[in-house]
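As the structure is a computational prediction, the values presented were derived from the model and not from experiment.
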Amino acid sequence: MLRIAVPNKGMLSEPAWNMLAEAGYRLRSNPRQLVVEDPDNDIELFYLRPLDIAVYVGRGTIDVGITGHDLLLNSGTEAKEHMQLGFGASTFRFAAPNESPISTLEDIQGKRVATSFDKLVHDYLVEHGIEAETIHLDGAVESSVQLGVADLIADVVSTGTTLRNAGLRIFADPILHSEAVLIRSPRLDEQDERLIKFSRRLQGVLTAQRYVLMDYDIPVSKVAAAVAVTPGFESPTISPLHDKQWNAVRVMVPKAKVNQLMDQLYEVGARGIIVTALQASRM
């Protein structure tokens with residue numbers, strides 16, 4: 001049975017739960033439930049703190065987990081990143097008070113940096129030849145400068161509104177770009193059949209989220225031009241119609257480009273263009 005850790009709260013939790021549900025796995029029935037057995041799919045789900053998942057995967061008996069790329073790096077464990085999951089995108093940045101003279105990476109020399117990701121920040125500063133003190137704080141760090149704990153902070157930023165409201169401004173290049181990832185135990189072989197099956201299911205969900213099925217009719221003489229617009233994965237499915245001068249085409253296309261592709265196909269000569277959402281897939 002594959003043991004899987006998922007976030008029990010935080011911004012990664014709901015997208016992770018939705019992905020598992022769409023992949024056909026059983027989830028907990030109430031928020032107090034911390035362990036769920038799913039014998040039909042041969043898995044066991046453990047709901048854990050996002051900060052702890054990489055530790056349980058890297059040092060414990062959990063086989064795989066869903067966590068953030070930044071949380072994995074900060075854990076200092078031997079857990080391995082297995083695949084990106086396409087949600088939970090964030091940027092890790094330095095921020096200093098608006099009135100502070102700190103405005104470049106070099107200005108951090110000798111300063112105090114408050115962060116929940118002390119290992120990640122320490123390693124980044126060492127890599128760039130900067131000596132500074134990292135102050136570990138759990139939870140929000142925006143008030144640390146005002147309360148005299150630090151001179152600046154390093155934290156996850158999405159819109160920057162929270163930092164601006166706290167009188168802080170972002171400076172220097174991003175420390176890290178992060179997103180949700182599937183990680184695996186160093187003791188779990190990458191070719192383990194359970195891991196391959198689990199990964200394939202998640203990839204199927206990602207494909208269904210990113211692609212749609214497009215059907216259209218096209219004159220036989222213009223099939224080649226239409227296929228050039230929508231080549232699909234391996235190749236489109238092309239079927240003859242009752243009118244021998246026309247073919248029907250079925251193909252998967254990127255969801256983000258649907259309207260542009262429909263316009264191009266119409267100009268080529270396609271008619272009856274229909275788009276259908278995908279529920280699941282195996283590619």
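- In the displayed structure, Glu14 atom CD is contacted under 6.0 Å by at most 12 heavy atoms of other residues, nucleotides or ligands.
- Note on Ile108: it does not cluster hydrophobically with Val149, by side-chain heavy-atom contacts below 4.5 Å among ILVMFWY residues.
- For the side chain to side chain contact (heavy atoms under 4.5 Å, CB included) with Leu188, the qualifying choice from Ile62, Val57, Leu195 is Leu195, the only one to do so.
- Looking only at distances, no side-chain donor or acceptor of Lys222 sits under 3.5 Å from a matching main-chain atom of Ala270.
- Within the model, atoms CZ of Arg169 and CD1 of Ile102 stand 8.0 Å from one another, a figure rounded to the nearest 0.5 Å.
- The closest donor-acceptor contact from the side chain of Ser281 to the backbone of Gly204 lies under 3.5 Å.
- In the model, Ser185 has a side-chain atom that pairs as donor or acceptor with a side-chain atom of Arg187 under 3.5 Å.
- Close placement of the Phe233 and Tyr211 rings is indicated, their centers lying within 6.0 Å of each other.
- With hydrogens and angles ignored, the 3.5 Å screen pairs a side-chain donor or acceptor of Arg112 with a backbone N or O of Gly148.
- If you chain together hydrophobic residues whose side chains sit under 4.5 Å apart, Phe94 and Ile130 fall into the same group.
- The shortest distance between side-chain heavy atoms of Pro7 and Ile53 falls below 4.5 Å.
- Expressed to the nearest 0.5 Å, how far CD of Gln209 lies from NZ of Lys255 amounts to 7.0 Å.
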Side chain to side chain contact (heavy atoms under 4.5 Å, CB included) between Val157 and Ile170: does it pass, once the steps are laid out?
CA-CA 9 Å; Val157 177; Ile170 295 168; 3.8 Å; yes
Test side chain to side chain contact (heavy atoms under 4.5 Å, CB included) on Val253 and Val275; report intermediate values, then the result.
CA-CA 9 Å; Val253 300; Val275 174; over 6 Å; no
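- No side-chain N or O of Arg164 forms a donor-acceptor pair with one of Asn98 less than 3.5 Å apart.
- For Arg250, the CZ atom counts as loosely surrounded, since its 6.0 Å shell holds 12 or fewer non-hydrogen atoms of other residues, nucleotides or ligands.
- Residues Leu176 and Val181 do not share a hydrophobic cluster, clusters being chains of Ile/Leu/Val/Met/Phe/Trp/Tyr side chains in contact below 4.5 Å.
- Using a 4.0 Å cut-off between charged nitrogen and carboxylate oxygen, Arg271 and Asp217 do not count as a salt-bridge pair.
- Smallest separation of non-hydrogen atoms from Glu142 and Ile153: CA-CD1, 4.4 Å.
- Using a 4.5 Å cut-off between side-chain heavy atoms of Ile, Leu, Val, Met, Phe, Trp and Tyr, Ile274 forms no hydrophobic cluster with any other residue.
- Within 6.0 Å of atom OH in Tyr56, 12 or fewer heavy atoms from other residues, nucleotides or ligands are found, so the atom counts as exposed in its surroundings.
- Taking the six-membered ring for Trp and the full ring otherwise, the centers of Phe92 and Phe117 sit less than 6.0 Å from each other.
- Within the 4.5 Å cutoff, no side-chain heavy atoms of Ile135 are placed close to those of Thr115.
- Using modelled atom types and a 3.5 Å distance limit, the side chains of Gln33 and Ser29 yield a donor-acceptor pair.
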Which is it for Asn41 and Asp38 under the side chain to side chain contact (heavy atoms under 4.5 Å, CB included) test, yes or no, and what are the steps along the way?
CA-CA 6 Å; Asn41 290 298; Asp38 185 356; 2.8 Å; yes
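- Counting only heavy atoms from C-beta outward, the side chains of Val223 and Trp246 never approach each other to under 4.5 Å.
- No side-chain heavy atom of Asp42 sits less than 4.5 Å from a side-chain heavy atom of Leu2.
- The closest side-chain donor-acceptor pair between Ser178 and Asp70 falls under 3.5 angstrom.
- In this structure, the side chain of Arg28 engages the main chain of Pro31 through a donor-acceptor pair within 3.5 Å.
- Classification of Asp63 and Arg3 as a salt-bridged pair fails, no side-chain N sitting under 4.0 Å from a carboxylate O.
- Checking Thr230 against Tyr216 by side-chain atom types alone, a donor-acceptor pair falls below 3.5 Å.
- Residues Ser199 and His82 have side chains that bring a donor and an acceptor to within less than 3.5 angstrom of each other.
- Here the closest heavy-atom approach between residue Ala150 and residue Val113 is recorded as CB-C, 4.3 Å.
- In terms of hydrophobic clustering, with Ile, Leu, Val, Met, Phe, Trp and Tyr side chains grouped at heavy-atom distances under 4.5 Å, Met214 and Leu278 are assigned to different clusters.
- No side-chain heavy atom of Gln84 sits less than 4.5 Å from a side-chain heavy atom of His69.
- Of the inter-residue distances, the one linking Leu120 atom CG with Leu73 atom CG reads 5.5 Å to the nearest 0.5 angstrom.
- Residues Phe198 and Tyr25 bring their aromatic ring centres within 6.0 Å.
- No donor-acceptor distance shorter than 3.5 angstrom exists from the side chain of Arg59 to the backbone of Ala54, with no hydrogens or angles considered.
- The two residues Ile196 and Gln191 come nearest to each other via the heavy atoms CD1-O, 3.4 Å.
- One side chain, Thr104 or Asp107, offers a donor N or O that lies under 3.5 Å from an acceptor on the other.
- Looking at heavy atoms from C-beta onward, Leu137 lies in side-chain contact with Ser144 at the 4.5 angstrom threshold.
- Counting heavy atoms from C-beta on, the side chains of Leu85 and Leu12 never come closer than 4.5 Å.
- Distance CD1/Ile175 to OH/Tyr124: 6.5 Å, rounded to 0.5 Å.
- When the shell of 6.0 Å around CD of Glu81 is examined, it contains more than 12 heavy atoms from other residues, nucleotides or ligands.
- Closest heavy-atom contact between His177 and Thr91: ND1-OG1, 3.5 Å.
- Under 4.0 Å is where a charged nitrogen must lie from a carboxylate oxygen, and between Arg184 and Glu190 at least one such pair does.
- Both Ile273 and Val227 belong to a common hydrophobic cluster when Ile, Leu, Val, Met, Phe, Trp and Tyr are linked at side-chain heavy-atom distances under 4.5 angstrom.
- With rounding to the nearest 0.5 angstrom, the CG atom of Asp189 is 10.5 Å from the CZ atom of Arg194.
- Counting only heavy atoms from C-beta outward, the side chains of Leu48 and Asn8 never approach each other to under 4.5 Å.
- Atoms CG and CG, from Leu51 and Asn74 in turn, are 8.0 Å apart once rounded to the nearest 0.5 Å.
- Nearest heavy atoms, Ala95 versus Leu168: CB-CB, 4.2 Å.
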Please walk me through it: do Leu152 and Lys111 pass side chain to side chain contact (heavy atoms under 4.5 Å, CB included)?
CA-CA 8 Å; Leu152 66 149; Lys111 299 297 191 294; 3.7 Å; yes
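- Scanning all heavy atoms of the two residues, the minimum distance from Glu37 to Arg26 falls at O-NH1, 3.2 Å.
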